[in-house]
Amino acid sequence: MESGLRVSVQKFGRFLSGMVMPNIGAFIAWGLITALFIPTGWLPNENMAKLVGPMITYLLPLLIGYTGGKMIHDVRGGVVGAVATMGVVVGADIPMFLGAMIMGPLGGWVMKKVDQLIEGKVRSGFEMLVNNFSAGIVGGLLTLLAFNAIGPVVAGLSKALASGVQTIVDAGLLPLASILIEPAKVLFLNNAINHGILSPIGLDQAAKTGKSIFFLLETNPGPGLGILLAYWLVGRGTAKQSAPGAAIIHFLGGIHEIYFPYILMNPRLILAVIGGGMTGVFTFTLLNAGLVAPPSPGSVFALSAMAPKGGLLPVLTGVVAAAAVSFFIAAFLLKLGGQAEDADELEKATEKMQQLKGKKQEEAQADTAVAEKKEVKKVVFSCDAGMGSSAMGAASLRKKFKDAGIDITVINTAINDIPDDADIVITHKSLTERAKLKAPQAEHISIDNFLNSPEYDKLVKRLG
């Protein structure tokens, strides 16, 4: 039951972040224009600054609404979702991101149900007429509903949430948010938290003040960097050897998922990232740090690019403080002895368990190896967002296939976008259940570490 609940939460979080992630480029474009041309920006320009308001009021919510509708019912659902979103946008005096996350999927869902209702009942030659008018009528009705009923409710809710958040900030309690954020990140809910919850709040704040600390709560690479540095200096085995490379990918590339397995192999280290996260948020609050838009991915370069004029030093100070505290706590915990984090021992134990549980399966696979070689044409790496850890895993396996002379396509996608022609799907073990629901026809392989998993060599040997 606990596993089912986790899958449900991850699925919902993936859906929320899925409306924002494809539009991150637009958010960054708005952030850059804001940072450059507002009166306190790098290059103040009153004429260019006219772009800031319409982009955050209309463009960004409509993109979210369109994407949400498209996720439910393809382009047709996206169009109706965008039209319905216009109702909450015009009916409110604040950027309506929460309203877009409601009306976009609702528009797509209603359009899908209407299409199912009239499917097969339209006379030949009238399909285009019925399709166009049904979408127009549904979109129009939902827009009126959003403008008169849903918009005011969402606006009131948004203002209440903003007031509550401001109360927490004023009371100096924002660092406590790390107690929830850091463990949730390790459970691969990082994109859901950042793009589904924190970014909409941050965008509303940034529209008023020109920057927001909420863009820094989840994206701060400091806590993860501290973990990887601790493994590098006081860890042992494969974990110690792989930590420096992982630190570079995490800190400079912004792929936070790469440090999650290092915590999962020693759950005590969650205390280190919580301590580092709280320190970072406290430092950001103390120095009045903030960003003008969501940085994605959470790289130190992205954070620097989104820093407002005169605000780079406070941001970097918070990152360094978080890394230092996380490092010292993690190093202390690793030195306590009985290091369950030793990757060599972990891999040996995992392999032994697989041998004990799957010896008969391996014998059966040996008889069908030739058939499997012919059948496997596409291997898909999948993670929550489809851009971080899965991209690293795909690149690693692709290189191994190339070196072995194996001509098999290897791609990476989000779980929600796993193609129907996937023969093998590789995911982190915490995401495999969701992947199986999306692609039940494929063979599924669960791994702990996207960067270096023994399963890669097994696949090369099996398919070579």
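What you see is a predicted model; the values in this text were computed from it and never measured. The first residue in the sequence is number 1, and the count goes up from there.
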Quiz item: How many angstroms lie between CZ in F215 and CZ in F27, if you round to the nearest 0.5 Å?
Solution: 8.5 Å

Quiz prompt | Side-chain donor/acceptor of K185 to backbone N/O of E218, under 3.5 Å | solution = yes

Quiz item: Would you say the side chains of T317 and T283 form a donor-acceptor pair under 3.5 Å?
Solution: no

Practice problem: Establish, yes or no, whether a centroid distance under 6.0 Å links the rings of Y456 and F381. | Solution: yes

Quiz item: Under 4.5 Å between any side-chain heavy atoms of L397 and I426, yes or no?
Solution: yes

Quiz prompt | Side chain T143, main chain V83, donor-acceptor under 3.5 Å | solution = yes

Practice problem: Measure across M103 and V88 and return the closest heavy-atom pair with its distance rounded to 0.1 Å. | Solution: CG-CG1, 3.7 Å

Quiz item: Is a side-chain donor-acceptor pair under 3.5 Å present for S390 with S382?
Solution: no

Self-check item: I33 side chain reached by V52 side chain, heavy atoms, under 4.5 Å
Solution: yes

Quiz item: Should M278 and V325 count as side-chain neighbours, where that means a heavy-atom distance under 4.5 Å?
Solution: no

Quiz item: So how far is it from I56 CD1 to T34 OG1, rounded to the nearest 0.5 Å?
Solution: 7.0 Å

Quiz item: Is there a side-chain contact between V154 and I102, using heavy atoms and a 4.5 Å cut-off?
Solution: yes

Quiz item: Between the main-chain N or O of W109 and the side-chain N or O of K113, is there a donor-acceptor pair closer than 3.5 Å?
Solution: no

Practice problem: Test side-chain contact (heavy atoms from CB on, under 4.5 Å) on M48 and L36 and set out the steps. | Solution: CA-CA 9 Å; M48 294 294 187; L36 287 172; over 6 Å; no

Self-check item: Residues L198, I181; criterion side-chain contact (heavy atoms from CB on, under 4.5 Å); working and verdict
Solution: CA-CA 10 Å; L198 298 177; I181 292 174; 4.1 Å; yes

Practice problem: Mark yes when over 12 heavy atoms from residues, nucleotides or ligands other than E46 sit less than 6.0 Å from its CD; otherwise mark no. | Solution: no

Quiz item: More than 12 non-hydrogen atoms from neighbouring residues, nucleotides or ligands closer than 6.0 Å to CG on D420, yes or no?
Solution: no

Exercise. Supply the atom-to-atom distance L225 CG to L252 CG, rounded to the nearest 0.5 angstrom.
Key: 9.0 Å

Practice problem: Kindly determine whether M96 and T85 satisfy side-chain contact (heavy atoms from CB on, under 4.5 Å), including the steps that lead there. | Solution: CA-CA 9 Å; M96 195 47 73; T85 298; over 6 Å; no

Exercise. Give a yes or no on whether the backbone of R76 and the side-chain of D74 come within a donor-acceptor separation of less than 3.5 Å.
Key: no

Self-check item: N220 side-chain N/O to L216 backbone N/O, donor-acceptor pair under 3.5 Å
Solution: no

Quiz item: Shortest non-hydrogen contact from L117 to K121?
Solution: O-NZ, 3.2 Å

Quiz prompt | Value rounded to 0.5 Å, distance of OG1 in T57 from CE in M55 | solution = 11.0 Å

Practice problem: Examine distances only and state if a side-chain atom of S326 and a backbone atom of A323 form a donor-acceptor pair shorter than 3.5 Å. | Solution: no

Practice problem: Not counting sequence neighbours, which residues clear side chain to side chain contact (heavy atoms under 4.5 Å, CB included) with P221? List them please. | Solution: H250, F251, H256, L303, V319

Exercise. Check W30 against L203 and note the closest heavy-atom contact, atom names and distance.
Key: CZ3-CD2, 3.6 Å

Exercise. Can you measure from NE2 (H73) to CD (Q116) and round to the nearest 0.5 angstrom?
Key: 7.5 Å

Practice problem: For F97 and P200, work out which heavy atoms get closest and say how close. | Solution: CB-CB, 4.0 Å

Quiz item: If you draw a 6.0 Å radius around CD in E119, do more than 12 non-hydrogen atoms from other residues or ligands fall strictly inside?
Solution: no

Quiz item: What are the two closest non-hydrogen atoms of I411 and T409, and how far apart are they?
Solution: CG2-CG2, 3.8 Å

Quiz prompt | Pairwise side-chain contact, P314 with F284, heavy-atom cut-off 4.5 Å (strictly under) | solution = no

Quiz item: Is there a donor-acceptor pair closer than 3.5 Å between any side-chain N or O of T219 and the backbone N or O of G298?
Solution: no

Quiz item: Does atom NZ of K112 have more than 12 heavy-atom neighbours from other groups under 6.0 Å away?
Solution: no

Exercise. Of all the heavy-atom pairs spanning P308 and K211, show the shortest one and how long it is.
Key: CG-CD, 4.0 Å

Self-check item: H444 side chain to A439 backbone, donor-acceptor under 3.5 Å
Solution: yes

Quiz item: So, K377 and D421, do they make that salt bridge, N to O below 4.0 Å?
Solution: no

Quiz item: Judged by atom type as modelled, is there a donor-acceptor pair below 3.5 Å linking the side chain of N131 to the main-chain atoms of E127?
Solution: yes

Practice problem: Could you give me the CA-CA distance, side-chain angles and deciding distance for S304 and V315, then say whether side-chain contact (heavy atoms from CB on, under 4.5 Å) is met? | Solution: CA-CA 8 Å; S304 300; V315 170; over 6 Å; no

Quiz item: Quick one: does F327's side chain get under 4.5 Å of L228's, heavy atoms only?
Solution: no

Self-check item: Pairwise side-chain contact, V114 with I137, heavy-atom cut-off 4.5 Å (strictly under)
Solution: no

Quiz prompt | P105 side chain reached by M71 side chain, heavy atoms, under 4.5 Å | solution = no

Exercise. With rounding to the nearest 0.5 Å, note down the distance linking CD1 in I64 to CG in N23.
Key: 6.5 Å

Quiz item: So, the side chain of Y58 versus the backbone of V89: is there a donor-acceptor pair under 3.5 Å, distance only?
Solution: no

Quiz item: Would you say F282 has more than 12 foreign heavy atoms packed within less than 6.0 Å of its CZ?
Solution: no

